[in-house]
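Comments concern the structure below.
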Amino acid sequence: MVAIIDYGAGNLSSVKKALDYLGAESEITQDKEKILTASHVILPGVGSFGDAMHSMQERGLVETVKKAALSGKPFLGICLGLQLLFESSDESPNVKGLGILNGKIITIPKDTGLKVPHMGWNSVSLKQNNGIFSNIEDNSYFYFVHSYYLDGADEDVIAATAEYGVTIECAVQKGNLCATQFHPEKSSKIGLKLLENFLKSEG
């Protein structure tokens with residue numbers, strides 16, 4: 001069973017619909033036991049870094065999410081769910097993130113001549129071609145919606161980058177812990193392939 005962590009984020013139903021389409025049993029839940037005993041865990045996210053961490057704290061989910069992410073079972077962060085894995089974000093300067101991975105979440109600069117938020121399809125350059133990116137072609141297009149991005153992650157965990165005036169470290173992968181800045185559930189067939197790869201991974 002795939003646990004989709006419910007901490008008040010906005011794109012839960014679209015993630016579940018994509019998993020339903022792939023024939024995966026999944027549940028949107030904030031039940032700690034279900035999250036910790038699930039075979040796979042997804043941390044989705046739409047909204048602000050500070051609000052998300054506050055919501056997780058209110059629900060008593062911070063330690064549960066950390067345990068799940070570090071358990072060795074397949075764990076996928078999506079969009080804000082990627083950013084929350086890191087220590088902090090420019091979006092909410094006084095709020096601590098989960099601190100599971102090293103790197104900083106910073107603002108997409110507004111002086112690039114490009115619109116912020118970064119919204120729409122963008123090609124992705126693969127640094128890793130295994131795990132969630134197995135049998136996915138380099139420079140495939142995925143769907144993005146964000147104003148903040150990951151920079152300075154450890155080189156060995158960066159799975160993919162995208163260019164949008166700056167180099168966005170748009171996917172990370174460390175064993176079964178992985179996360180994407182883009183939305184695979186909104187990225188058509190290629191996004192479904194990524195989710196299928198995630199579902200095939202074993203803890």
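For reference, positions follow the sequence shown, starting with 1. No experiment lies behind these values; they were computed from the predicted model shown.
Using a 30° and 60° split on the angle between ring planes, F142 and F133 fall in the perpendicular class, above 60°. Aromatic ring orientation, Y164 versus H118: parallel (interplanar angle below 30°, classes split at 30° and 60°).
N176 has its side chain within reach of P74: a pair of non-hydrogen atoms, C-beta onward, lies under 4.5 Å apart. Using a 4.5 Å cut-off on side-chain heavy atoms (C-beta onward), Y143 and M119 make contact. When side chains are defined from C-beta on, F75 counts as touching L43, because their heavy atoms get closer than 4.5 Å. Side-chain contact between I35 and L61 is present, with at least one heavy-atom pair separated by less than 4.5 Å. Side-chain contact check for L101 versus L150: every heavy-atom pair is 4.5 Å or farther apart. Put simply, the side chain of Y149 reaches to within 4.5 Å of the side chain of I106, judged on heavy atoms. In this structure, F49 and L84 have side chains that are in contact, with non-hydrogen atoms separated by less than 4.5 Å. At least one side-chain heavy atom of F86 sits less than 4.5 Å from a side-chain heavy atom of V172.
Between the side chain of H40 and the backbone N or O of S201, at least one donor-acceptor pair lies under 3.5 Å. A donor-acceptor contact shorter than 3.5 Å is absent between the side chain of Q173 and the backbone of Q128. With S48 contributing its side chain and D51 its backbone, the two residues share a donor-acceptor pair below 3.5 Å. A donor-acceptor pair is defined here as one N or O able to donate and one able to accept, closer than 3.5 Å; no such pair exists between the side chain of H183 and the backbone of E185. No donor-acceptor pair closer than 3.5 Å links the side chain of T112 to the backbone N or O of G165. Judged by distance alone, the side chain of E91 and the main-chain N or O of S147 form no donor-acceptor pair under 3.5 Å. Formation of a donor-acceptor pair under 3.5 Å by the K127 side chain with backbone atoms of A171 is not found in this model. Panel note: side chain K73, backbone A38; a donor-acceptor pair is recorded below 3.5 Å. D6 contributes no side-chain N or O that, together with a main-chain N or O of Q30, makes up a donor-acceptor pair within less than 3.5 Å. D138 places a side-chain N or O within 3.5 Å of a backbone atom of L126 that can act as its donor or acceptor partner.
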Practice task
Please assess N122 against I168 for the test side-chain contact (heavy atoms from CB on, under 4.5 Å), listing each intermediate value before the final yes or no.
Solution key: CA-CA 11 Å; N122 208 116; I168 295 163; over 6 Å; no
Exercise for the section: Would you please test I132 and T180 for side-chain contact (heavy atoms from CB on, under 4.5 Å) and show each step? Expected result: CA-CA 10 Å; I132 57 172; T180 64; 4.0 Å; yes
Exercise for the section: Check step by step if side-chain contact (heavy atoms from CB on, under 4.5 Å) holds for D20 and S26. Expected result: CA-CA 8 Å; D20 289 348; S26 66; 4.0 Å; yes
Exercise for the section: For side-chain contact (heavy atoms from CB on, under 4.5 Å), just list the numbers for Q83 and Q181, CA-CA rounded to whole Å, side-chain angles, deciding distance to a tenth of an Å, and then say yes or no. Expected result: CA-CA 8 Å; Q83 297 180 10; Q181 181 61 65; 3.0 Å; yes
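Expressed to the nearest 0.5 Å, how far OG of S134 lies from CD1 of I136 amounts to 8.0 Å. Atom CG of L36 sits about 9.5 Å away from atom NZ of K32, to the nearest 0.5 Å. To the nearest 0.5 Å, atoms CD (E196) and NZ (K189) are separated by 12.5 Å. Between the CG atom of L19 and the CD1 atom of I4 there is a distance of 5.0 Å, given to the nearest 0.5 Å. Atom NZ of residue K115 and atom NZ of residue K110 lie 14.5 Å apart, to the nearest 0.5 angstrom. Note that CG of L194 and SG of C178 are 7.5 Å apart. Values are rounded to the nearest 0.5 Å.
Residue E58 places its CD atom among more than 12 non-hydrogen atoms of other residues, nucleotides or ligands, all under 6.0 Å distant. Shown here is E137, whose CD atom has no more than 12 heavy atoms of other residues, nucleotides or ligands within 6.0 Å. Taking a 6.0 Å sphere around NZ of K174, one finds it holds 12 or fewer heavy atoms contributed by other residues, nucleotides or ligands.
Considering all non-hydrogen atoms of both residues, L12 and I5 come closest at CD2-O, 3.6 Å. Nearest heavy-atom pair across A153 and I158 is O-CD1, 3.8 Å. When all heavy atoms of G45 and Y7 are compared, the closest pair comes out as CA-OH, 3.3 Å. Closest approach of E27 to K34, counting heavy atoms only: OE2-NZ, 2.8 Å. Nearest heavy-atom pair across I42 and F198 is CG1-CE2, 3.7 Å. Nearest approach of P109 to V166, heavy atoms of both residues: CG-CG1, 3.6 Å.
Using a 4.5 Å cut-off between side-chain heavy atoms of Ile, Leu, Val, Met, Phe, Trp and Tyr, with links allowed through other members, L195 and I28 fall into the same hydrophobic cluster. Cluster annotation: L98 and L80 are assigned to the same hydrophobic cluster (Ile/Leu/Val/Met/Phe/Trp/Tyr, side-chain heavy-atom contacts under 4.5 Å, transitive). I105 and I78 are not part of a single hydrophobic cluster, where members link through side-chain heavy atoms under 4.5 Å apart. Placement of L82 and V65 within a single hydrophobic cluster is found when ILVMFWY residues are connected by side-chain heavy-atom separations under 4.5 Å, directly or transitively. One hydrophobic cluster holds both L199 and Y21 under the rule that ILVMFWY side chains link at heavy-atom gaps under 4.5 Å.
Taking the centre of each ring, F182 and F144 come in below the 6.0 Å mark.
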